[in-house]
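None of the values given here were measured: they were computed from a predicted structure. Within every chain, numbering begins at 1; the chains are lettered A, B, ... in the order of the sequence lines, protein sequences first and strands thereafter.
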Number of protein chains: 2
Amino acid sequence: MANIQQVAKQAGVSVATVSRVLNGQNTVSSKTKTKVEEAIKFLNYEPSMLGRNLRNSESRIILILIPNISNPFYLDIIKGIENMALSQGYNILLCETDSNPDKENIYFDLVRKKMADGIVSMDPAVNVDTLKELARTYAIIQCSEYGGGIGIPYVTIDSEEASYRAVKHLIQIGHTKIVLMNSDEKFLYARERKAGYQRALKEHGIALDKDYVIYTQELSFAHGQQAMKKILALQDRPTAVFAVSDLLAIGALKEINASGLHVPNDIAVVGFDKIDFSNMTNPTLTTVAQPMYKMGTTAAAMLIDKIKGREVDSVILDHELIIRESTSG
Amino acid sequence: MANIQQVAKQAGVSVATVSRVLNGQNTVSSKTKTKVEEAIKFLNYEPSMLGRNLRNSESRIILILIPNISNPFYLDIIKGIENMALSQGYNILLCETDSNPDKENIYFDLVRKKMADGIVSMDPAVNVDTLKELARTYAIIQCSEYGGGIGIPYVTIDSEEASYRAVKHLIQIGHTKIVLMNSDEKFLYARERKAGYQRALKEHGIALDKDYVIYTQELSFAHGQQAMKKILALQDRPTAVFAVSDLLAIGALKEINASGLHVPNDIAVVGFDKIDFSNMTNPTLTTVAQPMYKMGTTAAAMLIDKIKGREVDSVILDHELIIRESTSG
DNA sequence: GATAAAAATGTAATCGATTTCATTTTAATT
DNA sequence: AATTAAAATGAAATCGATTACATTTTTATC
């Protein structure tokens, strides 16, 4: 395991010159450059990032905070972040928090201890106070889910508008008894999506029925099933369900199928996120597509800007309603 | 951003003493220990891992090489690796190779450049020669998929036996016309699973029909659909399909449904891996469960042993056939 | 060929920790 | 109290790079 000293010796130059060759500085004559490159090859030398990182006070690692890797929603965002990061010489550390403050703290420590240069947070349950405190010293970007007004730049979509459009679509194909399968309103996106739901109903003169707004604890398949069971047991059965996540919607789908009813003839279903599996179900799922990959690249670019000390503004990206079998027989 | 020097000054001791307190060495008197701890708190000091890592010639990061994060198969393995790693003070860097040697090389460079202490490789398409070369110098463990006889320790299941049991199950419930939906036989697991399929057929006196072994380029939903299309077009339609991955099986399921046939009455389906979604399909999928979480923790433990210079042996874990709706009306 | 300017290279400090070895302090024993 | 052993602490080297500044070499100009 050769180091820069040995390369310098082998090439008959100083370590400074080797370093210059390593970093592509053009103040080295082509003759010495060749000598150094030969020495590097001869010794099979690989520069240690440990030394470089210490000297440069950077780790070239960025953290991605997500509640759960099992949720396919994050996949494309992660890919976006990763590709942008790689292209700029950064690597990503994927951090599953399980929405657990202790685990969260392990990862926060990584940035406190200089093992990471910044954080893209996608955890809606993140401790906002800690995040805010951390953001005073370190580079942090919120992605998809965000706390507003806490001064940390974010990239996201207009959830209210997306929700409005999804519900409007259901109304336009003739539904009036529409359930909103939402998650806990402690999350901003849940409140926004409810607002969009309400706006669509109001605009079309449909009264809000409390029984038609149902909350789930988690955005999972199992919770979707469970919620759908309750909905199917309602006195006045709705004819459509708008779930704020595809996983919930797929759970609902499964439950409706199991009860012998037909999607979309008996009950239409709309999801949210356009995860890969939303196209694999039977029937395929109508859903709101977020530009996840773009969101990822944007977040990463913003974060790297922040790391380099540049000013960064929040970004709101476009979304799109994807109409598939679950709302069109 | 305080460093160890400033803490030492503040506490009126030497940096060596501060370091000793930091590392919990018991050669420090409780009086000075308190002084140091107060200084640390007062200055809000966090030890830099950059300095520590350089001195210790370690990064405390381990790489996980997977072909594609979108494949849910890897999720529980990753969780296993991560939890074991965290418990031993290591962090994981998730590396998606896209089975692309160039991307692979980016990550190999991380270990060459000391930014990672070892690798858990789960990429079946990994360049075995490079891996072998790398394993001479660095700690590497193969997980799930492995190249045999290249001297790199692995943890996996007995694929031949698992496949044998899955096919035997189909035979026992009355099937004789059974398709094997396999992936490319350049992969060891594909060859092993085919061997198990053949053994089960042979044992029950069923002749091998070449038309009933079909190869897919990728273990994806789309390729499962595509392959199933071909199968449905066969002169003598089979009554059962054993796919070597759940994603393939779910693709097949979708295609069978779309053609108006019924699972399992017309065609039974068995998958492999027991990914989360195998329980969300309609019908739910019979599948072979690999002990993924355990595989992950085992691989991580083996890797850390290897990093610490200890001797490591390969491990073969148990598997289990999970019988669900797709083979039992 | 002398001189100045530009280019190339080297010396040594630095990043922030850990650790060996030497030294000082404390405790134990007589 | 003297002596010795044990415990606590410190000084300085070290890990492997980068870079400011100094110095040397090359090139350009007259």
| query | Rounded to whole angstrom units, what separation is found between the CZ atom of A/Arg55 and the P atom of C/dA13? | reply | 13 Å

| field | B/Asn56 side-chain proximity, nearest of C/dT18, C/dA17, D/dT9 | value | C/dT18

| query | Over how many whole Å does the gap from B/Leu22 atom CG to C/dT19 atom P extend? | reply | 11 Å

| said: Regarding B/Thr297 and B/Lys79, do their side chains bring together a donor and an acceptor under 3.5 Å, going by distance alone? | reply: no

| said: Below the 4.0 Å mark, does C/dT18 have OP1 or OP2 next to a side-chain nitrogen or oxygen of B/Ser19? | reply: yes

| query | Is there a donor and acceptor pair, one atom on the side chain of A/Arg20 and one on the base of C/dG10, closer than 3.5 Å? | reply | yes

| Does a nitrogen or oxygen in the side chain of A/Ser48 sit under 4.0 Å from OP1 or OP2 of D/dG16? | no

| request: Give the nucleotide from the list C/dA8, D/dA8, D/dA17 with an atom nearest to the side chain of B/Thr27. | output: D/dA8

| said: How many whole angstroms separate atom CG of B/Leu43 from atom P of C/dG16? | reply: 14 Å

| Judged by modelled atom types alone, do A/Asn68 and A/Ser70 share a side-chain donor-acceptor pair under 3.5 Å? | yes

| said: Need one value for A/Asn23: base, sugar-phosphate or nothing, where a base atom within 4.0 Å counts as base even if backbone is also close, heavy atoms only. | reply: sugar-phosphate

| request: Name the closest nucleotide to the B/Ser57 side chain, picking from D/dC15, C/dG16, C/dT9. | output: D/dC15

| task | May I ask you to evaluate whether A/Thr17 reaches the phosphate of C/dG10, defined as a side-chain N or O under 4.0 Å from OP1 or OP2? | result | yes

| Nearest listed nucleotide, side chain of A/Thr32, among D/dT9, C/dA8, C/dG10 | C/dA8

| field | Donor + acceptor pair across side chains of B/Ser144, B/Tyr74 (<3.5 Å) | value | no

| field | Electrostatic pair B/Asp305-B/Lys308, nearest N-O below 4.0 angstrom | value | no

| field | Distance in angstrom units between B/Lys35 NZ and D/dA8 P, rounded | value | 14 Å

| Pairwise side-chain contact, A/Ile4 with A/Arg52, heavy-atom cut-off 4.5 Å (strictly under) | no

| note | From the candidates C/dG10, C/dT18, D/dA17, the one with an atom nearest any side-chain atom of A/Asn3 is D/dA17

| query | Do A/Asp273 and A/Gln290 have side-chain N/O donor and acceptor atoms under 3.5 Å apart? | reply | yes

| query | B/Gln5 has an atom CD; how far is it from atom P of C/dA17, in whole Å? | reply | 8 Å

| Check: A/Arg52 side chain, D/dT18 base, donor-acceptor under 3.5 Å | no

| query | Contact class for B/Leu54 vs. all strands (heavy atom < 4.0 Å): base, sugar-phosphate, or nothing? | reply | base

| said: For D/dT26 and A/Ser29 - does any side-chain N or O of the residue sit under 4.0 Å from the phosphate oxygens OP1/OP2? | reply: no

| query | A/Arg112 CZ to C/dA17 C1': how many Å, rounded? | reply | 20 Å

| Please give, in whole Å, the distance from D/dA13 P to B/Ile4 CD1? | 17 Å

| query | Between atom CD in A/Gln25 and atom P in C/dA8, what is the gap in whole Å? | reply | 12 Å

| request: Indicate, with a heavy-atom threshold strictly under 4.0 Å, whether A/Val13 touches base, sugar-phosphate, or nothing. | output: sugar-phosphate

